Q: 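Below you'll find the structure I mean.
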Amino acid sequence: MDYKKLAEMLFPDNKLTVEEIEKRYPKRNLPSTAYVTRFAPSPTGYMHLGGFFQALIDYNIAKRSGGVFYLRIEDTDNKREISGASSVIMGILNEYELTPDEYQLKGGVTVGNYGPYYQSERKEIYKAYAKKLVSEGKAFPCFCKKTEGLGDVQKLREKKFAVGINEDKDPCRNLTVEQIEEYLKDGKKFAIRLKTNGDGTKKVKFHDGAKGDVEIIENSMDAILLKNDLMPTYHFAHAIDDTLMGTTVVVRGEEWLPSYPLHKEIFEALGFKQPKYIHTPLIYKFNEKGNKIKISKRKHPEADMRYFDKEGYDKEAIIEYLMNLINSNFESWRETHKDADIQEFPFDGFKITANTPIFDFVKLNDVSKEIISHYSAERCYNELLAWAREYSLENVDYLVKDKEYVTKILNIDREKPKPRKDIYKWSMFFDLYDYMFGDPKKYEIDETHRKDFEQVLREYKKYIDLSSKDAWFAKIKEMAEKLGYATDNKEYKANPEKFKGNVATVCEYIRVAITGRKNSPDLYEIMTLLGEKEVLSRMAEFA
Ligand code: GLU
């Protein structure tokens, strides 16, 4: 068969040659130790937690090696296109300071010399390579109906392929030039398939940055390279784009692992060298029954990265927590480097955890509390206001007007060697500190001691002294003693039955009357901020 003639018949208008294309994409001028990574989402209009996980790995591999991290939008499947998708993705990457070095905004700027960064704008490139493969007898046209994507025929083949059954050579392989000419004259659409050399009897081996050494059965499928709308499949675009754009490490979901042998064959057919791969595990969580389940967009709001923004999660905390999930040695490093910048962590992109990462809100919240506890009151105020400006407009005026008071609230038990760890997201602030803005909504009163509680509050009116913390506490002790509470803890522990309780019990009663809670930050600070008048009026409710 005259393959050159066939290639011209199929692509008469495609004059762009691969030589010309390759001139447009010179090898990147980087040291050999620098890695080039990319984040390559489909434009679904949102950023999945799992995608963000990959982008974080991409970013760290590239930036820590002095390389390049770029964003490529994989929009070859028109059905899934959502306009503005790239700005959502860019917005999130920017917020988390994972800004790519190269990217393109739809209808806007392009930064970088290896674009277009939208696959839909690279159609001519894919066609040129498809034409080349046809002209070399490595690919052929297929006129079957189900060639738009992974149709039923293809799916069936993939199933057989999975169990190593070698019956998947496409019948269109055997078409003669005359038959093809006929079809083309009739205006029939065609796809381009790879003419595989594999027969499914051998295995391919490679090293994966997360899975370790992997062995998979070779490809034996005449896989589709261009669909019959002449858009590339993921597989073909991966080989071409990652080569031309100079990617050296591909970080992608483990669902792509079974396609590795096909990718190997496509790269070989094109004469390209494969990059390194890191196939990241999917992120799971435990459901109420304690079973591990995939985090899915449909069921779990946290699948969408915007959720964390809406809730006012701290960005550093999210990064810190995900780092825990990425590198299993992160936690022990953090133990010994409490105040170190996360950039100092010896991140190793090729030691990504192979275990299933489990996303756990309790852990995330702990990490977040820890991080926020070290922020200054000023910083907390600014973060709270920034969050309110986006998601809690009704509170903005108040926050601006009463900046000083709010900052003081935020400063309770803060900027100290052992700061309080209570806030883990900004949306919880007004509930957590509701008693600073009005009467508590509910009271944790211990009904079995209701009488004692009321007695303390009645009596305390006479003892209240907010002039200094020492004076305040001395007065509480004085009253405690008078009412039969222990002021010496040792004595109390030795003979608890001799007392109604100790000073802590007394403080708890006062605390409940003022804050509604048995636990709160420093009571003296709260009382001083509220002022004597307000404190007395709250106590009057019970006495
Ligand atoms: N667009 C592909 C996806 O969203 C990208 C996979 C890859 O990173 O190569 O799954």
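Quick caveat: nothing in here was measured; it's all calculated off a predicted structure. Every number for a ligand or one of its atoms is a count from 1 in the order of the listing.
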Q: Using distance alone, decide if ligand 1 has a nitrogen or oxygen within less than 3.5 Å of any nitrogen or oxygen in Tyr234.
A: yes

Q: Identify each donor-acceptor pair in which a side-chain atom of residues 210-217 lies under 3.5 Å from a protein atom, sequence neighbours left out, and give them as a table.
A:
unit_1 : atom_1 : unit_2 : atom_2 : d
Lys211 : NZ     : Glu254 : OE1    : 2.6
Asp213 : OD1    : His207 : ND1    : 2.8

Q: Should the proximity of Arg38 to ligand 1, defined as any heavy atom under 4.0 Å, be assigned to the side chain, the backbone, both, or neither?
A: side chain

Q: Can you name the atoms of ligand 1, numbered from 1 with element, that are less than 4.0 Å from a heavy atom of Arg252?
A: 7 (C), 8 (O), 9 (O)

Q: For Arg306, is there an ion pair with Glu95 - N to carboxylate O distance below 4.0 angstrom?
A: no

Q: Would a 4.5 Å heavy-atom cut-off, applied to side chains only, mark Arg252 and His238 as touching?
A: yes

Q: Would Phe39 count as a contact of ligand 1 if the rule is a heavy atom under 4.0 Å away?
A: no

Q: Identify, by atom number and element, the atoms of ligand 1 in contact range of Val251, meaning under 4.0 Å from any of its heavy atoms.
A: 8 (O)

Q: Polar contacts were defined as any N/O atom of the residue lying under 3.5 Å from an N/O atom of the ligand; does this apply to Pro41 and ligand 1?
A: no

Q: Compute the centroid of each ring, for Phe361 and then for Phe359, and state whether the two points are separated by less than 6.0 Å.
A: yes

Q: Assess Ala40 for proximity to ligand 1: is some non-hydrogen atom of it under 4.0 Å away?
A: yes

Q: State, without any angle test, whether Tyr118 and Gln104 hold a side-chain donor-acceptor pair at a distance under 3.5 Å.
A: no

Q: Taking only heavy atoms of Glu74, which atoms of ligand 1 are found under 4.0 Å from at least one of them?
A: 1 (N), 2 (C), 5 (C)

Q: Against ligand 1, does Asp242 come closer than 4.0 Å with any heavy atom?
A: no

Q: Charged N to carboxylate O under 4.0 angstrom, Asp314 versus Lys425?
A: no

Q: I would like to know whether Ser42 and Glu74 meet side chain to side chain donor-acceptor pair (under 3.5 Å); could you show each step before the answer?
A: CA-CA 5 Å; Ser42 307; Glu74 306 216 321; 5.6 Å; no

